[in-house]
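Side-chain atoms are counted along with the backbone in the values below, which use heavy atoms only and exclude waters and symmetry mates. Only a predicted model underlies this, so the values are computations on that prediction, with no experimental measurement involved.
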Amino acid sequence: MNIFRGSPANRTILRMALPTILMNVSVPLLGAVDTAIMGHLPDVHYLGAVSLGSLVFTTLFWAFGFFRMSTVGLTAQHHGRGDAAEVAQVLGRGLVLSLAVGFAVALLREPIAWAAFRLLNASPEVERLGRAFFSIVGLAMPAALMLQVFQGWFYGIRNVGFPVALTVFVNGANIALSLLLVLGLGMASAGVALATCVAQYLGLLLTLAVFFSRHRVYWRLLVWRTLLDPARLRPILAMNGDIFLRTLCLLFANAYFMSRSAALGDAILAANSILLQFRNLAVYALDGFATAAEVAVGSALGGGRRGELLDAISLSQQWGLAVGAAISLTYLVLAPWLPGLFTSNANVLPLVFAFYVWIVLEPWISNACFILDGVFIGATATRTMRNSMVIAVIAVYLPAILLLGRLFGNHGMWAAYLLLYFARGATLQRHVLRLRRVPGYVLR
């Protein structure tokens with residue numbers, strides 16, 4: 001199957017992926033703008049504070065990323081079967097659970113910040129500013145988690161237009177508010193936090209308005225007495241638990257990387273924070289095809305169309321490889337100019353150039369695992385995805401970062417980080433190959 005030939009699976013992938021990529025670009029663009037604003041302030045502590053404070057918020061946000069992931073897969077499968085009642089129930093359960101978790105995190109944000117910064121090797125000033133940052137941005141968690149559910153649900157019913165518009169709106173508002181509060185009102189890192197919080201609630205208000213104006217029929221189909229029925233919740237909670245553990249392992253890997261970066265000094269921490277913005281740009285571009293794979297695989301599986309399922313997997317992987325290679329080439333060609341867009345600090349900029357090679361290699365190596373994540377989420381094969389991540393972190397990443405980091409410093413840490421991506425892709429690919437060779441095999 002060729003990515004340039006027409007097929008139902010390829011049309012679905014492109015229809016979902018291309019707008020999603022445009023949407024996703026605004027997500028790391030937000031982080032890039034915040035980093036650039038902090039990076040051009042005279043005190044390097046602000047950049048470290050926003051980096052680590054955002055890391056805590058993002059860690060929690062993605063730890064509960066199962067709200068979006070499970071909603072996409074389940075909604076796509078029920079939508080593929082034409083079961084509108086279950087499509088409504090998936091949304092209802094997700095919103096109730098995400099609201100409860102979001103309020104719990106918001107109420108516990110102070111002890112969460114205290115515990116998180118005990119694990120990060122930040123300087124006292126960076127810790128003080130970072131904890132203040134999180135005490136503000138943590139209030140956004142209820143809205144942020146509910147938006148995850150809504151976005152996953154809209155994707156599952158193949159409405160890609162609204163999630164794109166929503167994400168652009170939220171991140172555009174966030175950027176505008178950050179510029180106003182930091183550059184206009186001089187609020188520094190606290191201004192970035194407040195901008196994030198306000199933008200999330202504006203996005204939730206917009207989402208509710210669109211849902212009740214265009215999709216009210218699903219609200220009428222909700223059966224409230226069965227939303228929290230233990231028998232119906234059990235398989236969903238088991239699947240969410242798998243995704244939660246998988247995500248925790250990934251977030252642990254990221255947090256451990258940043259913690260070791262902080263231990264190497266504020267300048268290395270700032271340089272790695274900037275390099276990770278390039279990583280984020282690549283991840284969010286690849287995520288467009290991963291999200292498309294979730295919908296295409298879930299829809300084909302729900303409708304019992306095995307041929308379309310295999311096409312969707314093959315085409316998603318081919319597109320991922322092509323996009324990953326294109327991003328790597330772009331980073332290579334623009335190497336002399338890109339780092340200077342993020343900082344002018346004389347201590348940080350040379351370090352960004354010194355370790356830039358790893359960002360050139362990263363998209364080419366990581367595309368396989370990101371696309372396969374989408375495949376397994378669409379198939380709701382969460383147990384296998386969980387096991388793959390646990391194996392990759394414990395058996396590959398931790399030994400590699402301890403050994404290579406000790407031998408080669410920050411270069412060794414980046415090498416271990418890329419080995420994690422490679423190991424994840426390799427373990428998942430083994431199951432895809434078996435799916436193709438064994439007629440009765442299913443992804444679990």
Provide the closest heavy-atom pair for [X] versus [Y] in the form atom of the first, atom of the second, distance.
{"X": "Gln317", "Y": "Val432", "value": "OE1-CG1, 4.2 Å"}
{"X": "Gly152", "Y": "Val72", "value": "CA-CG2, 3.4 Å"}
{"X": "Ala293", "Y": "Ile371", "value": "CB-O, 4.4 Å"}
{"X": "Ala270", "Y": "Val348", "value": "CB-CG2, 3.8 Å"}
{"X": "Ser70", "Y": "Met239", "value": "CB-CE, 3.4 Å"}
{"X": "Ser366", "Y": "Leu286", "value": "OG-CD1, 4.0 Å"}

When rounded to the nearest 0.5 angstrom, what is the spacing between [atom1] in [X] and [atom2] in [Y]?
{"X": "Thr196", "Y": "Asn171", "atom1": "OG1", "atom2": "CG", "result": "9.0 Å"}
{"X": "Gln429", "Y": "His431", "atom1": "CD", "atom2": "NE2", "result": "10.5 Å"}
{"X": "Ile274", "Y": "Ile359", "atom1": "CD1", "atom2": "CD1", "result": "11.5 Å"}
{"X": "Leu60", "Y": "Arg109", "atom1": "CG", "atom2": "CZ", "result": "12.5 Å"}
{"X": "Leu245", "Y": "Leu250", "atom1": "CG", "atom2": "CG", "result": "11.5 Å"}
{"X": "Leu147", "Y": "Leu95", "atom1": "CG", "atom2": "CG", "result": "10.0 Å"}

Side chains of [X] and [Y] in contact at under 4.5 Å (non-hydrogen atoms):
{"X": "Arg158", "Y": "Arg15", "value": "yes"}
{"X": "Arg424", "Y": "Leu372", "value": "no"}
{"X": "Val297", "Y": "Leu309", "value": "yes"}
{"X": "Phe67", "Y": "Val101", "value": "yes"}
{"X": "Glu110", "Y": "Ser135", "value": "yes"}
{"X": "Trp414", "Y": "Leu275", "value": "yes"}
{"X": "Tyr421", "Y": "Cys369", "value": "yes"}
{"X": "Leu276", "Y": "Arg279", "value": "yes"}

> For Ile377 and Thr382, what are the C-alpha separation, side-chain angles and deciding distance, and is it a side chain to side chain contact (heavy atoms under 4.5 Å, CB included)?
Replying inline: CA-CA 6 Å; Ile377 290 168; Thr382 54; 5.8 Å; no
> Which of these passes ring-ring contact (aromatic ring centres under 6.0 Å, His included) with Phe162: Phe154, Phe169, Tyr155?
Replying inline: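 Going through Phe154, Phe169, Tyr155 one by one, the ring-ring contact (aromatic ring centres under 6.0 Å, His included) with Phe162 is satisfied by Phe154 alone.
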> After noting the C-alpha distance and the side-chain angles of Leu91 and Val149, does the key distance pass the side chain to side chain contact (heavy atoms under 4.5 Å, CB included) rule?
Replying inline: CA-CA 7 Å; Leu91 176 63; Val149 174; 3.9 Å; yes
> What do the steps show when you test Val137 against Gln200 for side chain to side chain contact (heavy atoms under 4.5 Å, CB included), and what is the final call?
Replying inline: CA-CA 10 Å; Val137 80; Gln200 292 294 323; over 6 Å; no
Check whether any side-chain N or O of [X] sits under 3.5 Å from a backbone N or O of [Y] as a donor-acceptor pair, and report yes or no.
{"X": "Ser259", "Y": "Ala255", "value": "no"}
{"X": "Thr380", "Y": "Gly73", "value": "no"}
{"X": "Asn387", "Y": "Thr384", "value": "no"}
{"X": "Ser314", "Y": "Leu310", "value": "no"}
{"X": "Thr75", "Y": "Thr71", "value": "yes"}
{"X": "Ser261", "Y": "Ile268", "value": "no"}

>> Determine whether Phe289 and Ile13 satisfy the following criterion, side chain to side chain contact (heavy atoms under 4.5 Å, CB included), listing intermediate values before the conclusion.
In response: CA-CA 7 Å; Phe289 286 95; Ile13 290 170; 3.8 Å; yes
Suppose we call two aromatic rings close when their centres sit under 6.0 Å apart. Are [X] and [Y] close by that rule?
{"X": "His215", "Y": "Trp153", "value": "yes"}
{"X": "Trp358", "Y": "Tyr417", "value": "no"}
{"X": "Phe278", "Y": "Tyr356", "value": "yes"}

> Does CZ in Phe353 sit with more than 12 non-hydrogen atoms of other residues, nucleotides or ligands closer than 6.0 Å?
Replying inline: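 Enclosed: over 12 neighbouring heavy atoms sit under 6.0 Å from CZ of Phe353.
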>> Around atom CZ of Phe422, are there more than 12 heavy atoms from other residues, nucleotides or ligands closer than 6.0 Å?
In response: no
Output a table of donor-acceptor pairs, distance under 3.5 Å, between side-chain atoms of residues 389-410 and any protein atom two or more places apart or on a different chain; print 'none' if there are none.
residue	atom	partner	partner atom	Å
Tyr397	OH	Ala253	O	2.8
Asn410	OD1	Asn272	ND2	3.0
Asn410	ND2	Asn272	OD1	3.0

> Under 3.5 Å, is there a donor-acceptor pair linking the side chains of Ser273 and Gln277?
Replying inline: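 Looking only at side-chain atoms, Gln277 and Ser273 do not form any donor-acceptor pair under 3.5 Å.
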>> Which label fits Tyr256 and Phe252: parallel for a plane angle under 30°, tilted from 30 to 60°, or perpendicular past 60°?
In response: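 Aromatic pair Tyr256/Phe252 classed parallel.
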